[in-house]
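I have placed the structure first, in the form of structure tokens, so that the comments after it can refer back to it.
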Number of protein chains: 2
Amino acid sequence: MQRNTKQREVIAACFSDEAGPLSVYQVHALAREQYPSLGIATVYRTVNALVEAGMLVPVVIGGTTRYGLAQKCHHPHFYCNKCDHAFCLESNPAVTTRLAPKGFVVSEYNLVVSGTCPSCTSENRRRH
Amino acid sequence: MQRNTKQREVIAACFSDEAGPLSVYQVHALAREQYPSLGIATVYRTVNALVEAGMLVPVVIGGTTRYGLAQKCHHPHFYCNKCDHAFCLESNPAVTTRLAPKGFVVSEYNLVVSGTCPSCTSENRRRH
DNA sequence: ATCGGTGCAAAGGGTTTGCAGGGTA
DNA sequence: TACCCTGCAAACCCTTTGCACCGAT
């Protein structure tokens, strides 16, 4: 039987508070603010358990795996090269339909668009 | 100045011969058939150099980075979970346009659809 | 008191780097 | 001959695992 611990509470809270998917490293940094002795292995174990449990889904962004809430993250994401933040995008029906030609059985898809986010773009403009 | 070596020739040929993008591991295995003493470090260095040179582009598929010819691989890919092979898909105009909302500057995108490819699907059918 | 969860450190897998020797130009 | 490239091994991440202790039930 599963037990409730402070560590799990803090880790799970990171995802509820955040808009976009987080890497294990980011979760560790965030959660440590509230629980400094938290070990990285615990984050890995907890995140993997939450994926198994169906609460989180993995989203691969630029070679790094991030994790987002399942009910929020079955859709495209935007990755900002400047601030290293990942955003959730609206699901685009045109993407999900007719993705593969005849004969290919589609079970899922992963779409990551990258570039510069609005706030990094405006920061850039201010400098000119 | 860059020099032509047998190793580079063999590695580059792997990509010309292949339909889909390859992982470093796959390139190493393929290239070793023609050059058995080839070291994995040389494959990493050569592939990275070819990406720098613009000949190859990285395609992240299921957490693993594969590499494909630049002129062939700026488009969606299909990953077969059964045979572990990556296929190139036709570029879908609906995907490349209107990907991100206003304010986001898109520089590139990575779309991987996964499931079962035609030959693995038919193999499955034969067993029933 | 039990036994699942945690932190630490070691082990594992994939990728990069330092170095001496070899091969291209 | 010069010096870029290669293979080997060590170094480096990132992630998982083993183990003894801690703490929720």
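Below, chain A is the first sequence line, B the second, and so on; all start at residue 1.
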Under 3.5 Å, which donor-acceptor pairs link side chains of residues 34-41 of chain A to any protein atom two or more places apart or in another chain?
{"unit_1": "A/Tyr35", "atom_1": "OH", "unit_2": "A/Gln7", "atom_2": "NE2", "d": "3.2"}

Any protein N or O atoms within reach of nucleotides 10-13 of chain C? Criterion: under 3.5 Å, listing atom names and distances.
none

* To do: Identify, with sequence neighbours excluded, every residue that meets side chain to side chain contact (heavy atoms under 4.5 Å, CB included) alongside A/Pro101.
  => A/Phe104, B/Leu89
* Name every residue in residues 51-60 of chain B that has at least one heavy atom under 4.0 Å from any atom of DNA chain D, in order of residue number, or write none if there are no such residues. => none
* Can you check the B/His28 NE2 to D/dT6 P distance for me, whole Å? -> 12 Å
* Sugar-phosphate or base contact per nucleotide [nucleotides 20-25 of chain D; S, B, -; heavy atom under 4.0 Å] -> ---BBS
* In degrees, rounded to 10°, what is the bend between the two ends of the helix from C/dA1-D/dT25 to C/dA25-D/dT1, using five pairs at each? -> 20°
* To do: Give B/Arg45 one of three labels, base, sugar-phosphate or nothing, depending on what nucleic acid heavy atoms sit under 4.0 Å from its own.
  => base
What pairs of donor and acceptor atoms, side-chain ones from residues 55-71 of chain A against any protein atom, are under 3.5 angstrom apart with sequence neighbours left out?
{"unit_1": "A/Arg66", "atom_1": "NH1", "unit_2": "A/Gln26", "atom_2": "OE1", "d": "3.4"}
{"unit_1": "A/Arg66", "atom_1": "NH1", "unit_2": "A/Asp84", "atom_2": "O", "d": "3.3"}
{"unit_1": "A/Arg66", "atom_1": "NH2", "unit_2": "A/Asp84", "atom_2": "O", "d": "3.2"}
{"unit_1": "A/Arg66", "atom_1": "NH2", "unit_2": "A/Asp84", "atom_2": "OD1", "d": "3.3"}

* With A/His85 via side chain to side chain donor-acceptor pair (under 3.5 Å) - residues at least two apart -> none
* **Pairs satisfying side-chain hydrogen bond (donor to acceptor under 3.5 Å, both in side chains), at least one member in residues 45-63 of chain A, at least two apart** => none
* To do: Not counting sequence neighbours, which residues clear side chain to side chain donor-acceptor pair (under 3.5 Å) with B/Arg3? List them please.
  => none
* To do: Return the set of residues passing salt bridge (charged side-chain N to carboxylate O under 4.0 Å, His left out) with A/Glu9 (not counting sequence neighbours), or none when no residue passes.
  => A/Lys6
* In whole angstrom, what separates B/Gln7's CD from C/dT24's C1'? -> 11 Å
* Structure fact -> Under a 4.0 Å heavy-atom cutoff, the residues of residues 33-44 of chain B touching DNA chain D are B/Tyr35, B/Ser37, B/Leu38, B/Gly39, B/Ala41, B/Thr42
